[in-house]
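Here is the structure we will look at.
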Amino acid sequence: MDELRAQFDNDVERFSDEKGGQATSVDAPLVLDMVERTIFRMQPNAQSLCDIGCGAGNFSLRIARKLPKLNITLVDLSRPMLDRAVQRLQAEKFNVAKTIQGDINEIRFDPSAFDVVVASASLHHLRTRDDWKKVFRNIFESLRPGGAFWICDLVKHENGAVETVQKERYADYLTSLQDKAFQERVFDFIDRSDSPETVKFLMQTLHGTGFVNVDIVHKNTVFVAMVARRPG
């Protein structure tokens with residue numbers, strides 16, 4: 001966690017770029033657009049948003065532009081990221097109700113506090129399947145009936161051949177962004193700090209937690225965007 005915190009503390013400027021800041025996540029601008037538009041269609045009367053792993057606030061900004069009356073809770077391991085997210089949201093007159101600095105594995109939310117929870121490129125840092133289950137339960141209980149949970153994250157594959165091909169495609173993508181050395185640095189960081197899970201595990205765990213209407217909204221190489229709803 002200390003290494004991750006230091007990494008993100010020093011990366012605020014990159015994550016403040018809505019279009020290119022999350023370039024290492026394949027199709028990040030497309031996913032942002034799909035999440036923003038679908039939340040507006042699903043929950044036009046949403047009043048509260050929790051952004052887990054908010055970074056510099058890109059997801060919150062995009063969602064709040066569609067739903068400007070939202071009360072927004074920001075969660076991140078990095079205080080400089082939280083500070084920049086608050087600055088950017090308040091610059092556009094959006095309401096930041098609360099900021100929480102810490103590890104999502106150790107945070108407990110109030111019951112039925114949110115209409116929407118978004119976790120973008122953050123939960124893959126969870127280390128065990130029990131951690132995933134605990135965090136999903138915490139998020140489920142934090143949602144109001146009918147609330148929605150969005151996951152946009154790194155994943156792995158059960159089939160070895162599929163995993164190999166998808167990682168090769170991701171390596172080619174990263175190399176195209178800069179060069180081979182950049183691709184190797186990203187892969188080294190993933191190997192040291194990330195524990196992605198399979199889409200099958202995520203879907204089974206969401207259903208097992210009590211979520212319904214679980215959908216894959218987008219999938220490309222080793223990244224997926226999913227949505228699930230708390231019944232009600």
Side-chain angles (χ1 to χ4, degrees), residues 1 3-36 38-39 49-63 72-78 80-82 84-85 88 100-105 107 116-127 131-132 135-136 139 148-157 166-167 169-171 173-174 177 182-183 185-199 201-202 206 216-228:
M1 284 299 107
E3 181 183 353
L4 278 176
R5 186 181 297 108
Q7 172 85 15
F8 294 130
D9 284 353
N10 293 315
D11 223 5
V12 173
E13 292 305 318
R14 177 168 70 87
F15 281 96
S16 298
D17 179 355
E18 284 184 49
K19 293 186 178 179
Q22 292 174 290
T24 54
S25 297
V26 177
D27 289 343
L30 171 63
V31 170
L32 263 172
D33 180 68
M34 295 175 74
V35 171
E36 162 205 328
T38 309
I39 288 173
L49 164 71
C50 179
D51 188 348
I52 297 171
C54 66
N58 290 337
F59 269 82
S60 289
L61 276 167
R62 292 290 293 268
I63 297 165
I72 301 168
T73 295
L74 301 171
V75 180
D76 204 275
L77 193 63
S78 166
M81 286 286 194
L82 284 168
R84 179 57 60 86
R88 295 172 73 205
I100 303 172
Q101 182 187 4
D103 179 356
I104 187 58
N105 209 18
I107 294 167
V116 182
V117 174
V118 175
S120 174
S122 55
L123 299 186
H124 62 259
H125 298 304
L126 296 171
R127 285 304 188 185
D131 291 341
W132 283 90
V135 169
F136 277 10
I139 291 169
F149 172 35
W150 287 85
I151 307 169
C152 308
D153 220 324
L154 183 73
V155 292
K156 64 182 182 181
H157 302 82
Q166 296 288 36
K167 287 187 72 174
R169 292 181 64 235
Y170 185 42
Y173 168 78
L174 291 172
L177 287 179
F182 173 72
Q183 176 263 305
R185 287 197 302 274
V186 173
F187 271 37
D188 178 64
F189 182 77
I190 290 172
D191 288 343
R192 286 185 290 107
S193 66
D194 299 346
S195 303
E197 270 297 345
T198 65
V199 172
F201 171 77
L202 297 180
L206 288 166
I216 297 173
V217 179
H218 184 69
K219 169 78 169 65
N220 192 350
T221 60
V222 292
F223 289 90
V224 70
M226 303 172 64
V227 61

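Keep in mind it's a predicted model, so treat the numbers as computed, not measured.
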Review point. Looking only at heavy atoms, what is the nearest atom pair of N220 and R169, with distance?
Key: OD1-NH2, 3.4 Å
Check your understanding: Are T38 and W150 close enough that some pair of their side-chain heavy atoms sits under 4.5 Å apart?
Key -> yes
Point to revise | Minimum heavy-atom distance A85-C54, with the two atoms named | key: CB-SG, 4.3 Å
Point to revise | Contact summary for Q166 and T221, nearest pair of heavy atoms | key: OE1-CA, 3.4 Å
Practice item. With side chain to side chain contact (heavy atoms under 4.5 Å, CB included) as the test, would you mind laying out the steps for H124 and V155 before giving the verdict? Key: CA-CA 8 Å; H124 62 259; V155 292; over 6 Å; no
Check your understanding: With sequence neighbours left out, what residues match D131 under salt bridge (charged side-chain N to carboxylate O under 4.0 Å, His left out)?
Key -> none
Check your understanding: D76 side chain to M81 main-chain N or O, any donor-acceptor pair under 3.5 Å?
Key -> no
**Study point:** Residue pair F182, T24: steps toward the side chain to side chain contact (heavy atoms under 4.5 Å, CB included) verdict
**Key:** CA-CA 10 Å; F182 173 72; T24 54; 3.6 Å; yes
Study note, to complete from the structure: Sorted by chain and residue number, the side-chain contact (heavy atoms from CB on, under 4.5 Å) partners of S120 (sequence neighbours excluded) come out as Q22, F59, C152
Check your understanding: For the atom pair CD (E197) and CG (L126), what is the distance rounded to the nearest 0.5 Å?
Key -> 9.5 Å
Point to revise | Step-by-step side chain to side chain contact (heavy atoms under 4.5 Å, CB included) determination, I52 to I139 | key: CA-CA 10 Å; I52 297 171; I139 291 169; 3.8 Å; yes
Exercise for review: Could you tell me the separation between the CE atom of M226 and the CG atom of L202, rounded to the nearest 0.5 Å?
Suggested key: 5.5 Å
Check your understanding: Where the side chain of D194 meets the backbone of P196, is there a donor-acceptor pair that is under 3.5 Å apart?
Key -> no
Check your understanding: At what distance, to the nearest 0.5 angstrom, does CD1 of I72 lie from CD1 of I63?
Key -> 8.0 Å
Point to revise | Residue list, ring-ring contact (aromatic ring centres under 6.0 Å, His included) with F136, at least two apart or on another chain | key: W132, F149
Study note, to complete from the structure: Rounding to 0.5 Å, atoms CG (D153) and CZ (F223) come to a distance of 8.0 Å
Study note, to complete from the structure: Here the pair of heavy atoms bringing V199 nearest to K219 is CG2-CE, 4.5 Å
**Study point:** F187: ring-ring contact (aromatic ring centres under 6.0 Å, His included) partners, not counting sequence neighbours
**Key:** Y170
Review point. Side chain of S25, backbone of A28: donor and acceptor closer than 3.5 Å?
Key: no
**Study point:** Smallest separation among heavy atoms of D51 and S60, with atom names
**Key:** OD2-OG, 2.7 Å
Practice item. Please identify each residue that fulfils side-chain contact (heavy atoms from CB on, under 4.5 Å) with T73, with sequence neighbours left out. Key: C50, V75, K98, I100, F114
Point to revise | By salt bridge (charged side-chain N to carboxylate O under 4.0 Å, His left out) - contacts of D191 (at least two apart) | key: none
Check your understanding: Atom CD1 in I39, atom CE in M34: separation rounded to 0.5 Å?
Key -> 12.0 Å
Check your understanding: From D33 CG over to D27 CG, what is the distance, rounded to the nearest 0.5 angstrom?
Key -> 11.5 Å
